[in-house]
Amino acid sequence: METKIKIVDKNQIDENIINEAGNLLKEGRLVAFPTETVYGLGADALQEDAAERIYEAKGRPADNPLIVHIADYEDLRTIAVNIPAETDMLAAHFWPGPLTMIFEKSGIVPYGTTGGLDTVAVRMPENPVAQALIRAAGGFVSAPSANASGRPSPTSARHVLEDLGGRIDMVLDGGDVDIGLESTILDITVIPPMILRPGAVTAEMLEEVIGPVSMDETLMSADGEQPPKAPGMKYRHYAPNAKLVIVEGDLREEILAIRQLAYAADRKGHPVGIIATSETLPFYKYGVVKNVGTRENEKTIARGLYRVLREFDEENIDIIYSESFAAQGIGEAIMNRLEKAAGHLHISAAEIVKLQKYRRVTFVSGTDSARGPMAAELLRNCDLVQEYVINSRGMVVLFPEPANQKAEAIMKSAQMTLEDHSSHQFDEENIQEDTLILTIDESQKEKILSEYGDSGNVFTINEFVGDNTEIPDPYGKPLTAYGECFEVLNRLITKLAVKLNSLTEEEK
Ligand code: TXA
Ligand code: MG
């Protein structure tokens with residue numbers, strides 16, 4: 001089947017296109033269309049076999065009921081009975097909009113649409129293209145999200161075509177959606193009303209209008225013993241191809257933990273992805289890093305989440321680490337979808353961070369022109385299980401200078417280089433709790449301790465690795481002296497790498 005693609009401007013709707021699409025729906029065909037939440041795959045809600053086509057096109061289990069979309073409030077009475085009193089108030093506040101309510105169904109709604117249930121889910125979308133289409137189709141359009149079952153919901157027409165191109169009759173392309181996560185589902189047939197799926201209409205917003213609402217507790221739990229009340233919520237929807245793990249902690253710890261996880265994966269040759277935010281993006285060096293939105297406005301994160309998950313499916317990625325978000329307001333919906341995509345896989349950031357005694361290694365020599373930079377470069381070339389910032393400093397550096405030429409010649413012959421090095425004076429800023437300070441000899445250590453006090457992380461290299469071989473000073477001597485110094489340093493730094501690796505217990 002050829003899928004027709006029609007671009008529709010929601011501010012200037014082309015009636016001809018809408019009528020063509022409406023007629024297709026009346027004939028029992030399928031048309032995907034934009035709503036403010038996600039793209040929907042529309043069918044006439046009152047035709048039993050139209051619903052069947054939806055299940056077939058999506059590859060969706062038939063016990064998963066559809067939401068019936070209406071454009072005019074009075075149409076609710078045609079498909080729902082025993083409508084609770086709060087409905088008027090809820091509709092006045094949230095319709096049209098991203099709220100779906102569950103009612104007892106009327107006889108006119110086929111069981112094919114409700115997945116065999118005696119209740120029906122109803123929503124009135126705000127998107128003008130959706131409203132025009134619903135009216136053109138006769139008033140009742142059932143529409144699940146227009147993704148293939150098990151894929152993230154589509155937030156653009158392109159996503160719809162990726163999943164359903166060739167399987168449906170038409171796509172109305174109204175551009176990117178506004179909200180990006182599916183509607184809030186509220187069951188008002190129970191007291192107090194219960195949220196079956198969190199969305200952009202939050203619990204707080206509902207409570208302001210109708211008082212206490214409850215939350216289907218099974219949504220956030222991992223045990224899977226109790227099935228959720230909305231049948232569709234039990235499936236591992238929104239699942240990316242790669243394994244997705246949520247890293248939880250305070251933001252600083254999350255960043256440090258994800259850095260380490262990405263470094264470790266990269267080191268083992270596993271392609272790794274990171275779900276980051278505008279604020280945290282610059283902190284990540286390894287892996288494919290994607291910006292889901294800004295923490296200053298969580299709506300942007302809701303809008304970006306499914307796009308980012310889909311983008312990862314196009315990359316060759318084994319594992320994705322995601323930052324987490326506070327489950328408040330729209331954050332509740334964001335975390336609910338993220339949890340589902342992750343199959344409730346979590347890592348505690350604190351557990352990982354606590355394994356990292358040091359995050360920086362600073363080598364200190366006299367002038368920071370030969371032995372210090374050599375040691376630093378040797379360590380950078382070691383296979384370390386943890387990522388360290390490795391640098392060098394000197395106790396007497398008057399102005400920045402490149403590395404000693406003989407030192408550079410020796411390093412070059414060992415396929416390393418000090419080309420980028422420029423000498424720096426050791427100062428107070430180098431004294432940090434997470435920095436391991438290793439001096440070339442006792443004199444630099446003494447000087448640091450007397451100037452800055454003993455914070456317990458200053459050692460000579462010899463002392464730290466437990467090897468007394470003296471590091472010779474080649475300054476002013478021929479190249480061979482630099483070669484001998486290199487040999488000693490090479491041995492000590494190899495031992496240092498082993499020691500550092502043993503500190504990161506994870507790999508023991
Ligand atoms: O934002 C949305 O709601 C989008 C757009 C297209 O409107 N639609 C959407 O539909 O997300 P779908 O089919 O992907 O999700 C419908 C959810 C499923 O979890 C389903 O189990 C639940 O609504 N549902 C439908 N009828 C129900 C009912 N009678 N009782 C309980 N849950 C119901
Ligand atoms: Mg869906």
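Taking a 6.0 Å sphere around CD of Glu74, one finds it holds more than 12 heavy atoms contributed by other residues, nucleotides or ligands. The neighbour count for Lys26 NZ, taken as heavy atoms of other residues, nucleotides or ligands under 6.0 Å away, is above 12. Within 6.0 Å of CD in Glu296 there are 12 or fewer heavy atoms belonging to other residues, nucleotides or ligands. Around the CD1 atom of Ile7, the shell of radius 6.0 Å holds no more than 12 heavy atoms that belong to other residues, nucleotides or ligands. By the neighbour-count criterion of 12 heavy atoms within 6.0 Å, atom CD of Glu433 is sparsely surrounded, having that number or fewer from other residues, nucleotides or ligands.
Sorted by first and then second residue, the side-chain hydrogen bond (donor to acceptor under 3.5 Å, both in side chains) pairs involving residues 8-19 (not counting sequence neighbours) form an empty list. Applying the ring-ring contact (aromatic ring centres under 6.0 Å, His included) definition to pairs two or more places apart or across chains, none involves residues 80-121. Residue pairs meeting the salt bridge (charged side-chain N to carboxylate O under 4.0 Å, His left out) criterion with at least one member in residues 41-58: none, sequence neighbours excluded.
In this model, a donor atom of one side chain and an acceptor atom of the other lie less than 3.5 Å apart for Arg197 and Ser183. Neither side chain, Gln356 nor Thr504, offers a donor N or O lying under 3.5 Å from an acceptor on the other. Between the side chains of Thr189 and Glu104, no donor-acceptor pair is found at a separation under 3.5 Å. Between the side chains of Tyr321 and Gln260, no donor N or O sits under 3.5 Å from an acceptor N or O. Side chain to side chain, Asp88 and Tyr73 meet the donor-acceptor criterion of an N or O pair below 3.5 Å. Using modelled atom types and a 3.5 Å distance limit, the side chains of Glu323 and Thr277 yield a donor-acceptor pair.
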Mind running salt bridge (Lys or Arg N to Asp or Glu O under 4.0 Å) on Asp163 and Arg310 for me, showing each step along the way? CA-CA 11 Å; Asp163 286 13; Arg310 276 178 180 266; 2.9 Å; yes
Applying side chain to side chain donor-acceptor pair (under 3.5 Å), run through Arg337 and Ser153 and close with a yes or a no. CA-CA 10 Å; Arg337 306 312 196 274; Ser153 293; over 6 Å; no
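Inter-residue side-chain proximity for Val177 and Thr37 is flagged as unmet; no heavy-atom pair is nearer than 4.5 Å.
Under the 3.5 Å distance criterion, the side-chain polar atoms of Glu315 are left unmatched by any main-chain donor or acceptor of Pro271.
Among the candidates His346, Glu248, Glu254, the single residue satisfying the side-chain hydrogen bond (donor to acceptor under 3.5 Å, both in side chains) test with Ser324 is Glu254. In summary, of the residues considered (Ile274, Val288, Leu244), a side-chain contact (heavy atoms from CB on, under 4.5 Å) with Ile320 occurs for Leu244 alone.
Ion pair Arg151/Asp313 flagged as a salt bridge, since at least one NZ, NE, NH1 or NH2 atom sits closer than 4.0 Å to an Asp/Glu carboxylate oxygen. A salt bridge links Glu36 with Arg123: at least one charged nitrogen is closer than 4.0 Å to a carboxylate oxygen.
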